[in-house]
Amino acid sequence: MTVEQEFDKVGVFTLSYVGRRGYHLEQLANVNQLQPGTIQANPGVNPDALRPYRGYSTIIEAQNTGGAFYNSMQANLKRRLSNGFLFGVAYTWSKSLDYGSSNGTNIVNAFDNSIMYGPSDFDTRHVLVANYVWYIPYGTHASNTFVRTTLGNWQFSGTLQGQSGRPQTVSQNNDRAGVGPGSGNQFWVASRNPILYHQFSGGKNANLWFQPSVFSAAPSGTFAPRGTRGLVYGPGFQSFSAALQKGFQIIPNHENHQLIFRAEAFNFANHPNYDNPDVGPTSGTFGQIIGKGNTYASERQFQFSLRYAF
């Protein structure tokens, strides 16, 4: 659903609702999984002797039991070329939920996939992208040939991009639920909201992204409840890029023959894009961010080119 409005001397504004619903999506389940608490109730017994299909270990079955929900508001403001300037700004506010974000998702509890319901692995709540092109007028129509050649016909353009982080799940490959091997990583429980509302806490753990102390393993013989997947969102991403371009006419009165110079700068502000936090609950750096530039590239790069166009 879309509405559109044109504003004089500004541009065209578009506001849309975009949604999607996915049914019968593929997931993987260990159909030979034990009921929760079975290992604790039968200490020392070979798990394969207790499984529904006795004598067999893990039996993975592809099932079409998954689902996905996507809702978004998408706003766009676009200005066509006017007085040598054009631009576009797009913003998306969205939410994506599912029971697993890939065909290879292994359901933690084969008897109840509801505990998997949560933010999609790629859920990005906020995305802002802006682009612009400015045909610099200074010197373009100068009467002096030297000034017109050196200062005229320059073009400046660029893009700005920013988005929020993606969800991370605190989990461990440890059979606390007592269902035997083959259930994958099991989620940890949070006693309260783990978010730190300042980017980093101060003091001794200055690189702490969330509060690790609120997490604990689920009680022995049970799975973590629904709502524990994707509780932590990692840092977002920002990048600012720009380009400066000029065409030099090679043959007089033949505009289709040009020598084009272009200078480009990627992430010219050298903004650091931090990596996702460590969500391994037994790690010595649990809850911390210990690097940058790996989750999202953040190097500042310059690129120059000279080409002949005809």
Side-chain angles (χ1 to χ4, degrees), residues 20-70 95-124 166-191 194 212 214-234 276-283 286 295:
R20 183 182 63 191
R21 173 73 166 91
Y23 295 93
H24 308 299
L25 303 182
E26 182 178 294
Q27 290 183 318
L28 302 180
N30 175 20
V31 295
N32 209 23
Q33 177 184 293
L34 297 171
Q35 291 288 346
T38 302
I39 296 295
Q40 287 83 350
N42 298 271
V45 179
N46 188 333
D48 294 346
L50 303 171
R51 294 182 183 273
Y53 300 97
R54 296 186 179 182
Y56 293 92
S57 185
T58 302
I59 301 176
I60 300 297
E61 179 181 78
Q63 302 176 344
N64 297 107
T65 55
F69 308 83
Y70 175 78
K95 187 175 184 178
S96 181
L97 301 167
D98 59 31
Y99 292 88
S101 300
S102 70
N103 291 346
T105 299
N106 190 15
I107 300 174
V108 175
N109 185 359
F111 303 105
D112 181 13
N113 73 342
S114 66
I115 65 174
M116 295 289 296
Y117 187 70
S120 303
D121 296 347
F122 47 80
D123 180 41
T124 306
R166 294 181 175 180
Q168 309 295 308
T169 301
V170 176
S171 62
Q172 185 182 16
N173 189 12
N174 185 9
D175 185 22
R176 293 276 304 177
V179 295
S183 63
N185 291 350
Q186 296 178 9
F187 305 152
W188 276 41
V189 179
S191 58
V214 309
F215 286 96
S216 61
S220 180
T222 66
F223 285 105
R226 174 172 170 166
T228 50
R229 175 178 168 228
L231 277 179
V232 176
Y233 277 77
N276 286 324
D278 186 345
V279 291
T282 59
S283 170
F286 179 44
T295 302

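Shortest non-hydrogen contact noted between Pro47 and Ile39 is CG-CD1, 3.7 Å. Residue Gln35 comes nearest to Thr38 through the heavy atom pair O-OG1, 2.6 Å, listed as atom of the first residue, atom of the second, then distance. Ser120 and Pro167 get closest at one heavy-atom pair: O-CG, 2.9 Å. In plain terms, the two heavy atoms of Val31 and Pro52 that are nearest each other are O-CG, 4.2 Å. What you find for Ala110 and Gln33 is that their closest heavy atoms are N-OE1, 3.4 Å. Shown here for Gln27 and Gly100, the closest heavy-atom pair between the two residues is NE2-N, 3.7 Å.
In this structure, the separation between OG on Ser57 and CG on Asn46 is 8.5 Å, given to the nearest 0.5 Å. The distance from the OG1 atom of Thr105 to the CD atom of Glu26 is 9.5 Å, given to the nearest 0.5 Å. Going from atom CG of Asp48 over to atom OG1 of Thr58 covers 7.5 Å, rounded to the nearest 0.5 Å. Note: Leu97 CG to Arg229 CZ = 8.5 Å, rounded to the nearest 0.5 Å. Taken to the nearest 0.5 Å, the OG atom of Ser220 stands 9.0 Å off from the CG atom of Asp175.
Of the options Phe187, Phe223, Trp188, Phe215, a side chain to side chain contact (heavy atoms under 4.5 Å, CB included) to Thr228 is made by Phe187 and by none of the others.
In the model, Glu61 has no side-chain atom that pairs as donor or acceptor with a side-chain atom of Asn32 under 3.5 Å. A donor and an acceptor atom, one from each side chain of Gln186 and Asn174, are nowhere located under 3.5 Å apart.
In this structure, the side chains of Thr65 and Ile107 come closer than 4.5 Å at one or more pairs of heavy atoms. Contact check for Val189 versus Pro225: side-chain heavy atoms found under the 4.5 Å cut-off.
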Exercise for the section: Let me see the working for Leu34 and Arg51 under side-chain contact (heavy atoms from CB on, under 4.5 Å), right down to the final yes or no. Expected result: CA-CA 6 Å; Leu34 297 171; Arg51 294 182 183 273; 3.8 Å; yes
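Within a 6.0 Å radius of CZ in Arg21, other residues, nucleotides and ligands contribute more than 12 heavy atoms.
Looking only at distances, no side-chain donor or acceptor of Asn64 sits under 3.5 Å from a matching main-chain atom of Leu25. Under a 3.5 Å cut-off, the side chain of Asp123 and the backbone N or O of Ser96 do form a donor-acceptor pair. Using a distance-only test at 3.5 Å, with no hydrogens or angles considered, a donor-acceptor pair links the side chain of Ser101 to the main chain of Asp121.
Ring geometry for Tyr99 versus Tyr117: interplanar angle of 30 to 60°, hence tilted.
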